[in-house]
Amino acid sequence: MHAGHAGGHADFRDGRTVDHAANGFDPHEVLRDFDWGTTRRLASGRVVREWELVAVDKEIEVAPGVRFAAWTYNGRIPGPTLRCREGELLRITFVNASEHPHTIHFHGIHPSAMDGVPGLGAGEIQPGARTVYEFEAQPAGLHLYHCHVRPLAEHIAKGLYGAFIVDPAGGREDADEVVMVMNGFDTNFDRANEVYAANTIGFAYMNAPIVAKRDELVRVYLVNVLEYDLINSFHLHGNLFHYFPTGTGTTPSEFTDTVMLCQGQRGILEWRFRHAGKFMFHAHQSEFTELGWQGFFEVVD
Ligand SMILES: [Cu+2]
């Protein structure tokens, strides 16, 4: 954890940005891109929801001019936001097109053999190999998935993670929903991050704010996957939000403007903007803020 070292120190508030098209994903699209996969009905009458995730080695521009040799699921960081309903049968085909062994480890309730760790079930999936993870979507809440091959910090920090949302059987109240996966990048291999962000690209939501409507319910699915720093946080300006840790309950734990998350922790935030205008959000560690993890909501009538 440091700031201002040579190589990859990326304060680009002067308006420069990365080439989202060349990266193949745009943090503004990642916000509201929920991947429901495909469904089909089994002979038993049960619905199975399916996805294919492919591990791909890919160079990503994580800050203007700063290229990072990433490992990705489906060519993007974070990987697809997988979304389903509580109780559905899920089937995730994992294809390893990377040059390194990987897995997908899901958070949630599932059999040991489906846990996506070395030595259990299919274990490490070698380059060119594939496997199928199959389990029931339990419990409702906000979870995550990530590679679980050693060295673990490297396999995660290289980009192999994503959000995993299990909706309650009855759904949630209508809202403008966005996903923010808080992450960072160690661009000079010193086991400290030079770039911090929500959804990979620092300052992306400063340069182009997230548009929200006044009085409409906003719901943020917030996941922390940051490596090399113990704690991350989310702070909202001009408002307070209800916080639902892990999204597993219906009673908020807190009405606040700042939450702190350890690695792997996640939660759902809900609020309504009462005033039009621009409101910042950012990590409340100023160091992270200055290295990219900040943005604006632009609230319109
Ligand atoms: Cu891996």
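Both counts, for ligands and for their atoms, begin at 1 and track the order of listing. In what follows, residues are counted from 1 in the order of the sequence shown. Being a predicted model, the structure only gives us computed values, none of them experimental.
- If you check the side chains of Q285 and E287, you find no donor sitting under 3.5 Å from an acceptor.
- Excluding water, every protein N/O/S atom under 2.8 Å from the Cu ion (ligand 1) is given here by residue and atom: H102 ND1, C147 SG, H155 ND1.
- A centroid separation of 6.0 Å or more is found between the aromatic rings of H155 and H146.
- With salt bridges taken as basic N to acidic carboxylate O contacts below 4.0 Å, none links K158 and D57.
- By the 30° and 60° cut-offs, the orientation of the rings of F106 relative to Y133 is perpendicular.
- A ring-ring contact (aromatic ring centres under 6.0 Å, His included) with F297 holds for exactly one of W271, F279, Y205; it is W271.
- Criterion: ILVMFWY side-chain heavy atoms under 4.5 Å apart, direct or through other members. Under it, L160 and I201 are not part of a common hydrophobic cluster.
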